[in-house]
Amino acid sequence: MTQHPAAGDEAPAPGKAASDALILGALIFACSLFGIYSAPSGLLAAFWPANAVMLGVLVRRARPATPLDWFIGSAAYILADLFSGEAWLRTILLSGTNLVGIATGYLLFARMKKTDTRLLHPRSMLRFVFVVATAAAGSGVAGMVSNPLLVGGTVFDGFTFWFTTELVNYIALLPALLTMPDITRWLKDHRRRADWPSFTFNEVAPICAFGLSLWLGTQLGGPGVIPYPIPAMLWCALTYSLFTTAGITLFFCMWTLLAISSGYLSIGAAVDTQQAIMSLRVGVTLTALAPLTVASVMVARNELLERLKHAATHDYLTHVLNRNGFLIRVEALLSAPHPVRQQVAVLMLDIDHFKRVNDSYGHAAGDLVLASFARLTQECLRSSDVLGRLGGEEFAVLLPDCNRTDARLIAQRICDAFAQHSVQLDDGTVLGATVSIGVCCEAHTSAAISTMLSAADAALYKAKEQGRNRVELALPGKAAAHA
């Protein structure tokens with residue numbers, strides 16, 4: 001199963017495809033210059049983000065990469081090398097080696113499910129590591145050709161150098177790129193200042209511990225400084241989102257490699273040989289894998305808990321809250337220090353003669369009526385109202401901040417809409433039904449939800465006694481009198 005559209009899917013508009021390719025080229029050009037000019041003397045790069053950025057952008061897109069993407073991406077590599085003064089032969093060899101690894105990774109990622117590319121499955125990190133290791137090996141194979149021509153090294157040195165270099169770059173950068181949220185949607189959800197998240201001490205402490213561990217490494221030095229941040233990074237993985245954890249590991253990888261290459265972070269040994277550089281990069285890679293794996297597993301765990309919580313509080317047939325979920329939600333709303341408790345109404349709703357539906361048309365028909373009623377009722381309610389199925393054909397609604405007149409109007413709207421609604425069965429039979437509703441509305445009351453439901457239930461039975469398909473209101477103060 002691939003995450004990209006099939007070959008026959010609609011292609012992007014030419015203007016859109018060109019602008020996307022130009023943006024990709026600008027990113028590659030900027031990242032290549034960063035890698036070139038941050039490189040220590042005698043090394044190709046201390047940290048090379050361009051390949052991972054190109055691969056991540058191509059994988060995240062909702063459409064397959066176009067030839068224009070590959071052409072402009074390749075041109076960006078070549079222009080960056082030429083801009084920095086590289087000779088044409090070196091430029092072609094370096095760019096070609098980079099593109100082999102990117103193409104290998106792209107082809108493998110395109111065959112993965114979206115849940116795996118977003119690292120949302122418990123085993124996603126295993127599949128991710130396999131893909132990026134294969135992509136790094138692709139660069140390593142190309143490096144077997146380019147390395148002897150570039151630096152006069154051996155074929156084996158070419159493979160190991162390019163493999164370790166690309167592996168650390170992919171593992172450092174790709175998780176952040178693949179798990180990055182949609183920025184436009186995120187900003188839309190946080191338009192108001194009040195929508196921005198607030199942070200508690202328990203949420204701030206892990207990132208502070210991470211920063212402290214990095215600072216401690218610069219003060220103490222020695223060969224053990226690389227794993228200093230591991231406990232703090234694991235703490236971050238247990239506390240923050242997968243994207244935030246990926247960003248932290250990215251910062252760790254970049255900081256460690258650049259700080260050591262510049263001499264700001266001392267590990268007590270010279271990192272001036274190819275073997276020492278490869279050893280350092282493998283160590284950083286393995287260190288980054290631990291928190292990323294924990295964060296990926298935590299995402300799957302949290303999703304499972306949410307699904308279990310939803311199943312425990314929602315009705316499987318109508319998908320509205322069940323009795324337990326309804327009471328929990330209502331108690332939480334009514335206990336909040338909010339004007340919602342100044343005026344509140346409760347509706348009790350019961351589908352008329354529902355047993356006849358089951359007896360005459362079967363339980364499958366009854367299920368269709370229940371699901372249809374729940375959907376229609378939800379459409380008649382406000383976004384702040386709470387709908388629940390208490391059992392059988394009986395439903396309840398909480399109307400926060402709702403006076404007696406408005407509560408009656410909402411109940412009557414539901415009653416009229418359902419009376420005019422019909423359900424078509426599989427055999428073509430058109431089935432109609434009605435609903436009776438009892439309303440209890442209390443102002444400035446401390447009555448418990450159970451007493452309000454009892455008062456609304458009494459009004460409901462009055463509606464049934466008066467002929468059904470109608471709305472009846474409980475007497476004002478009736479719920480408070482039973483509190």
Side-chain angles (χ1 to χ4, degrees), residues 46-49 52-53 56 116-133 136 164-181 197 199-262 264-268 271 279-303:
F47 186 78
W48 183 260
V53 169
D116 284 329
T117 59
R118 295 297 182 92
L119 307 181
L120 299 178
H121 190 272
R123 295 184 181 273
S124 293
M125 279 304 300
L126 293 176
R127 297 166 183 143
F128 169 81
V129 170
F130 169 77
V131 170
V132 297
T164 55
T165 300
E166 291 306 293
L167 186 62
V168 68
N169 293 333
Y170 287 145
I171 288 180
L173 266 166
L174 273 179
L177 293 171
L178 297 179
T179 61
M180 181 184 297
F199 300 100
T200 64
F201 172 79
N202 290 336
E203 294 170 327
V204 174
I207 193 66
C208 292
F210 173 67
L212 181 62
S213 66
L214 294 180
W215 174 82
L216 190 62
T218 64
Q219 300 303 304
L220 297 181
V225 296
I226 293 179
Y228 275 12
I230 289 181
M233 292 167 70
L234 291 175
W235 191 6
C236 291
L238 294 172
T239 306
Y240 303 137
S241 67
L242 178 56
F243 171 67
T244 302
T245 303
I248 291 171
T249 57
L250 168 60
F251 182 84
F252 162 77
C253 293
M254 292 182 62
W255 159 262
T256 303
L257 294 175
L258 294 175
I260 291 176
S261 65
S262 64
Y264 187 72
L265 183 63
S266 174
I267 60 173
V271 188
S279 177
L280 171 64
R281 288 173 176 170
V282 170
V284 171
T285 301
L286 295 177
T287 303
L289 275 178
L292 287 172
T293 303
V294 171
S296 179
V297 172
M298 288 297 294
V299 167
R301 167 191 173 274
N302 293 337
E303 181 181 356

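With a 4.5 Å cut-off on side-chain heavy atoms, Leu167 and Val132 count as touching. In this structure the side chain of Leu289 reaches within 4.5 angstrom of the side chain of Ile171, judged on heavy atoms. Using a 4.5 Å heavy-atom cutoff, the side chains of Ile226 and Leu280 are in contact.
Evaluation of the salt bridge (charged side-chain N to carboxylate O under 4.0 Å, His left out) test over residues 120-129, restricted to residues two or more places apart or in two chains, returns Asp116-Arg127.
When all heavy atoms of Leu242 and Ala295 are compared, the closest pair comes out as CD1-CB, 3.6 Å. The minimum heavy-atom distance between Thr245 and Ala237, with the atom names listed, is OG1-CA, 3.5 Å. Across all their heavy atoms, Thr239 and Glu203 have their closest contact at CG2-CA, 4.3 Å. A pairwise comparison of heavy atoms in Pro206 and Asn202 identifies CD-O, 3.2 Å as the closest pair. Minimum interatomic distance between Leu250 and Ala176 (heavy atoms only, all atoms of both residues): CD2-CB, 4.4 Å. The nearest pair of heavy atoms linking Ala246 to Thr179 is CB-OG1, 4.1 Å.
Atom CG of Leu216 and atom CG of Leu220 lie 4.5 Å apart (nearest 0.5 Å). Between the CG atom of Leu265 and the CG atom of Leu258 there is a distance of 11.0 Å, given to the nearest 0.5 Å. Note that OG1 of Thr293 and CE of Met298 are 13.5 Å apart. Values are rounded to the nearest 0.5 Å. Remark: Leu177 CG to Phe243 CZ distance equals 8.5 Å, nearest 0.5 Å. Taking CG of Asn169 as the start and CG of Leu257 as the end, the distance is 8.0 Å to the nearest 0.5 Å.
Residues satisfying the ring pair (Phe, Tyr, Trp, His ring centres under 6.0 Å) criterion with Trp255, sequence neighbours excluded, are Tyr264.
Between the Ser262 side chain and the Ala259 main chain, a donor and an acceptor come within less than 3.5 Å of each other. Without hydrogens or angle criteria, Tyr240 side chain to Ile207 main chain gives a donor-acceptor distance under 3.5 Å.
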Q: Tell me, with the steps shown, if Val284 and Phe252 meet side-chain contact (heavy atoms from CB on, under 4.5 Å).
A: CA-CA 8 Å; Val284 171; Phe252 162 77; 4.1 Å; yes
Q: With side-chain contact (heavy atoms from CB on, under 4.5 Å) as the test, would you mind laying out the steps for Leu234 and Leu238 before giving the verdict?
A: CA-CA 6 Å; Leu234 291 175; Leu238 294 172; 5.6 Å; no
Q) Going through the checks in order, is the side-chain contact (heavy atoms from CB on, under 4.5 Å) test met by Leu292 and Phe128? A) CA-CA 11 Å; Leu292 287 172; Phe128 169 81; 5.6 Å; no
Q: May I have the step-by-step check of side-chain contact (heavy atoms from CB on, under 4.5 Å) for Val299 and Leu119, ending in yes or no?
A: CA-CA 8 Å; Val299 167; Leu119 307 181; over 6 Å; no
